[in-house]
S.K.: 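Take a look at this one; I'll ask things after.
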Amino acid sequence: MKNLERVQQIMQNFDRELFRQNLIQWFRNEQRVLPWRENQDPYRVWVSEIMLQQTRVDTVIPYFNNFLTKFPTLEALAEADEQEVLKAWEGLGYYSRARNLQNAVREVVEEYQGVVPSEPEEIAKLKGVGPYTKGAILSIAYDKPIPAVDGNVMRVLSRILHVEEDIAKASTKKLFEELITELISHEDPSSFNQGLMELGALVCTPKSPSCLLCPIQEQCRAFEQGIEEELPVKSSKKKQKKAPYMLLLIQNEQGEVLIEQRPSSGLLASLWQYPMLPLGDVDRESAPHWFYGEYGLKIELKETKQTIKHVFSHLIWEMEVVTAEIIGGELDHERARFVTLDERNDYPFPVSHQKAHKYINS
DNA sequence: GACACGTGGGC
DNA sequence: TGCCCAAGTGT
């Protein structure tokens with residue numbers, strides 16, 4: 001069935017105006033006080049929407065406040081060093097968001113005279129601004145009736161309208177965008193979009209939704225049938241692959257520790273870490289030889305500490321932490337350097353390697 | 001369409 | 001413990 005046809009089928013006998021009124025009224029009364037809701041500044045809305053991608057509100061709040069203090073304007077962010085931006089993002093995860101945001105902000109400053117574009121076609125070209133973020137910024141900052149479909153919206157609407165399509169599929173997201181296009185309030189698209197998300201966050205939660213408190217209860221098809229817990233339908237993801245490493249803690253005579261910068265693309269791009277070698281590629285016995293070839297330093301393995309386990313969304317690192325002593329050679333590596341423990345604090349580290357900090361002798 | 005891309009919290 | 005999740009995007 002074509003989407004348009006499916007949309008008509010779903011929307012049959014659904015009172016859109018009642019839905020809009022109840023949702024918007026509820027949002028105006030019940031919305032949380034959040035730092036990015038102080039005003040409609042497109043820059044603030046933009047930063048918040050990027051940070052909130054796949055990330056909880058409670059986690060984002062302190063990062064948002066710190067980020068806006070360090071980079072209060074588009075211009076301030078455009079002029080900042082990338083490393084400084086990554087440091088402000090340290091611990092938030094999905095670090096390409098930070099680099100894409102800064103790139104896009106630089107483009108707005110250079111190509112749009114520092115004004116965040118209010119046209120869908122223009123804002124959609126910016127790096128890191130996908131269909132969701134486009135709709136969120138345009139509706140919240142510019143009051144434009146554009147859909148902003150995230151996980152909340154799909155969950156809430158799948159229940160209210162009884163949609164059984166798998167929300168893990170991209171095609172289902174398109175279906176919801178078309179549904180929202182039919183449903184969205186043109187009077188207050190900002191409260192409508194935010195209301196849908198707020199409802200998903202506060203009432204129509206993934207587990208044990210609070211249907212008795214729901215402003216849309218009388219219109220909810222899932223509640224009517226008592227199947228709210230069965231929706232939305234979502235196919236499960238596969239589990240992570242394990243990747244074993246040896247992580248090396250190496251200090252020179254001054255007590256400085258060896259760190260290196262990760263490649264500028266891929267996992268944890270441009271962040272810093274302790275040298276780490278993939279076990280399996282290299283075994284424990286040949287590790288010093290491998291290390292000499294890579295870094296130009298002759299080392300001797302000393303003490304084996306604990307193994308750090310770090311779970312990512314798609315893989316698991318198991319890092320055996322080993323201290324090593326320098327017995328010769330000279331550091332010869334593009335992206336590696338010795339730093340004092342104080343200096344180390346200025347470098348953005350992924351959480352996985354922050355876990356190794358405590359094994360350093362200081 | 002499928003997979004890479006982080007982290008911390010809840011049960 | 002392990003799995004699911006939380007305001008997605010890029011390739």
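Below, all heavy atoms of this structure are taken into account, side chains as well, without hydrogens, waters or symmetry copies. Throughout, a chain's letter reflects where its sequence line sits, starting with A, and its residues are numbered from 1.
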S.K.: Can the ring centroids of Phe27(A) and Phe192(A) be said to lie less than 6.0 angstrom from one another?
M.R.: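 Centroid distance Phe27(A)-Phe192(A): not below 6.0 Å, so no.
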
S.K.: We want to know whether His357(A) and Tyr274(A) form a side-chain donor-acceptor pair, criterion being a heavy-atom distance below 3.5 angstrom.
M.R.: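 Yes, side-chain donor-acceptor contact under 3.5 Å.
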
S.K.: Could you state the CD-P distance from Glu49(A) to dA6(C), rounded to the nearest angstrom?
M.R.: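 Glu49(A) atom CD is separated from dA6(C) atom P by 17 Å.
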
S.K.: Between residues 127-144 of chain A and DNA chain C, which residues have a heavy-atom gap below 4.0 Å?
M.R.: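 By residue number: Lys127(A), Gly128(A), Val129(A), Gly130(A), Pro131(A), Tyr132(A), Thr133(A).
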
S.K.: Between P on dT7(B) and CH2 on Trp89(A), what's the gap in Å once rounded to a whole number?
M.R.: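 It is 13 Å, rounded to the nearest whole Å.
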
S.K.: Have Ser185(A) and Asp188(A) got a donor and an acceptor in their side chains that come within less than 3.5 Å?
M.R.: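 No.
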
S.K.: In whole Å, what separates the C1' atom of dG1(B) from that of dG10(C)?
M.R.: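 Each nucleotide's C1' atom is 14 Å from the other's.
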
S.K.: Look at the side chain of Ser171(A) and decide which nucleotide, out of dG2(C), dG1(B), dG6(B), has an atom nearest to it.
M.R.: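 Nearest to the side-chain atoms of Ser171(A), counting from C-beta on, is dG1(B).
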
S.K.: Is Lys241(A) touching bases, backbone alone, or none of the nucleic acid, heavy atoms closer than 4.0 Å?
M.R.: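 No contact.
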
S.K.: Any side-chain N or O of Tyr94(A) under 4.0 Å from OP1/OP2 of dG10(C)?
M.R.: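 For dG10(C), OP1/OP2 do not have a side-chain N/O of Tyr94(A) under 4.0 Å.
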
S.K.: Taking His353(A) as the fixed residue, which of Leu247(A), Ile259(A), Ile308(A), Leu271(A) is the one that meets the side-chain contact (heavy atoms from CB on, under 4.5 Å) rule?
M.R.: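 Among Leu247(A), Ile259(A), Ile308(A), Leu271(A), the one meeting side-chain contact (heavy atoms from CB on, under 4.5 Å) with His353(A) is Leu247(A).
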
S.K.: When rounded to the nearest Å, what value does the distance between C1' atoms of dG6(B) and dC4(C) take?
M.R.: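 One C1' to the other, the span is 15 Å.
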
S.K.: Consider the side chain of Asn100(A), meaning its heavy atoms from C-beta on, and name the nucleotide among dA6(C), dG10(C), dT7(B) that approaches it most closely.
M.R.: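 From the listed options, dG10(C) comes nearest.
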
S.K.: Assess, by modelled atom type and distance only, whether the side chains of Tyr112(A) and Glu107(A) contain a donor and an acceptor separated by less than 3.5 Å.
M.R.: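 Judged by distance alone, the side chains do not pair up.
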
S.K.: Using 4.0 Å as the upper bound for N to carboxylate O, is an ion pair formed by Lys2(A) and Glu5(A)?
M.R.: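 Here Glu5(A) does not pair with Lys2(A) in a salt bridge, since their nearest N and O are not under 4.0 Å apart.
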
S.K.: I'd like to know if the side chain of Gln102(A) pairs up with that of Arg99(A) as donor and acceptor (distance under 3.5 Å, no hydrogens or angles considered).
M.R.: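 Distance-only check fails for Gln102(A) and Arg99(A).
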
S.K.: Provide, to the nearest angstrom, the distance between the CE atom belonging to Met51(A) and the C1' atom belonging to dC5(B).
M.R.: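 Nearest whole value for this atom pair: 17 Å.
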
S.K.: Could you pull out all residues at least two apart from Arg20(A) that satisfy salt bridge (charged side-chain N to carboxylate O under 4.0 Å, His left out)?
M.R.: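 With sequence neighbours excluded, Arg20(A) shows a salt bridge (charged side-chain N to carboxylate O under 4.0 Å, His left out) to Glu17(A), given in chain and number order.
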
S.K.: Just the rounded figure in Å: distance from P of dG6(B) to CG of Leu92(A).
M.R.: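 Rounded to the whole Å, the gap is 12 Å.
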
S.K.: Mind calculating the distance between CD1 (Ile167(A)) and P (dG1(B)) to the nearest angstrom?
M.R.: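 Going from CD1 in Ile167(A) over to P in dG1(B) covers 15 Å.
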
S.K.: N/O contacts under 3.5 Å, protein versus nucleotides 8-11 of chain B?
M.R.:
residue: dG8(B); atom: N2; partner: Arg56(A); partner atom: NH1; Å: 2.6

S.K.: For the residue pair Phe71(A) and Phe67(A), is the inter-centroid distance of their aromatic rings smaller than 6.0 Å?
M.R.: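 Yes; Phe67(A) has its ring centre under 6.0 Å from that of Phe71(A).
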
S.K.: Trp317(A) CH2 to dA4(B) C1': how many Å, rounded?
M.R.: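 Between C1' of dA4(B) and CH2 of Trp317(A): 14 Å.
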
S.K.: Taking only the P atom of each, what is the distance from dG8(B) to dT9(C) in whole angstrom?
M.R.: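 My reading of the P atoms in dG8(B) and dT9(C) gives 22 Å.
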
S.K.: Remember a base hit wins even if backbone is also touched, and classify Lys234(A) as base, sugar-phosphate or nothing at under 4.0 Å, heavy atoms.
M.R.: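 The answer is sugar-phosphate, as Lys234(A) gets under 4.0 Å only of primed atoms, P, OP1 or OP2.
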
S.K.: Mind calculating the distance between CG (Asp166(A)) and C1' (dA2(B)) to the nearest angstrom?
M.R.: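 Checked: the CG to C1' distance equals 13 Å.
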
S.K.: Is Tyr292(A) isolated, or which residues cluster with it under the ILVMFWY side-chain rule of less than 4.5 Å, directly or via members?
M.R.: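 Hydrophobic cluster check, Tyr292(A): no partners found.
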
S.K.: Taking the minimum atom-to-atom distance to the side chain of Ala170(A), which one of dG6(B), dG1(B), dT9(C) wins?
M.R.: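 Taking heavy atoms from C-beta onward, the closest nucleotide is dG1(B).
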
S.K.: Report the distance from atom CE of Met246(A) to atom CZ of Arg284(A), rounding to the nearest 0.5 Å.
M.R.: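 CZ of Arg284(A) is found 6.0 Å from CE of Met246(A).
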
S.K.: Flag the pair Glu260(A) and Arg262(A) as a salt bridge only when some basic side-chain nitrogen lies within less than 4.0 angstrom of an acidic carboxylate oxygen.
M.R.: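 Here Glu260(A) does not pair with Arg262(A) in a salt bridge, since their nearest N and O are not under 4.0 Å apart.
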
S.K.: Just how far, in rounded Å, is P of dT7(B) from CG of Leu315(A)?
M.R.: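 So the CG-P distance, Leu315(A) to dT7(B), works out to 11 Å.
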
S.K.: Quick one: on DNA chain C, does Lys239(A) or Arg155(A) contact a more 5' nucleotide (nearest heavy atom)?
M.R.: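 Its nucleotide being nearer the 5' end, the pick is Lys239(A).
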
S.K.: What residues, two or more places apart in sequence or in another chain, satisfy side-chain hydrogen bond (donor to acceptor under 3.5 Å, both in side chains) together with Thr133(A)?
M.R.: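 side-chain hydrogen bond (donor to acceptor under 3.5 Å, both in side chains) check on Thr133(A) returns Gln53(A).
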
S.K.: Check whether any side-chain nitrogen or oxygen of His314(A) sits under 4.0 Å from OP1 or OP2 of dA4(B), and answer yes or no.
M.R.: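 No, because none of the side-chain N or O atoms of His314(A) sits under 4.0 Å from OP1 or OP2 of dA4(B).
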
S.K.: Would you mind telling me which residue lines up with the more 5' stretch of DNA chain B, Leu267(A) or Lys238(A), judged by nearest nucleotide?
M.R.: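 The residue mapped nearer the 5' terminus is Lys238(A).
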
S.K.: So that I can compare with my own list, what are the stems of DNA chain C, taken as at least three consecutive Watson-Crick or G-U pairs with distances under 3.5 Å?
M.R.: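 Stem list for DNA chain C: B:2-5 with C:8-11, B:7-11 with C:2-6.
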
S.K.: Give a yes/no answer on whether the side chain of Lys173(A) brings an N or O atom under 4.0 Å of OP1 or OP2 in dT9(C).
M.R.: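 Checking Lys173(A) against dT9(C): at least one side-chain N or O falls below 4.0 Å of OP1 or OP2.
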
S.K.: Counting any heavy atom closer than 4.0 Å, what does Arg262(A) reach on the DNA or RNA strands: base, sugar-phosphate only, or nothing?
M.R.: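 No contact at all - Arg262(A) keeps every heavy atom at 4.0 Å or more from the nucleic acid.
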
S.K.: Do the side chain of Thr55(A) and the base of dG6(B) come within less than 3.5 angstrom through a donor-acceptor pair of N or O atoms?
M.R.: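 Such a pair is found, so the answer is yes.
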
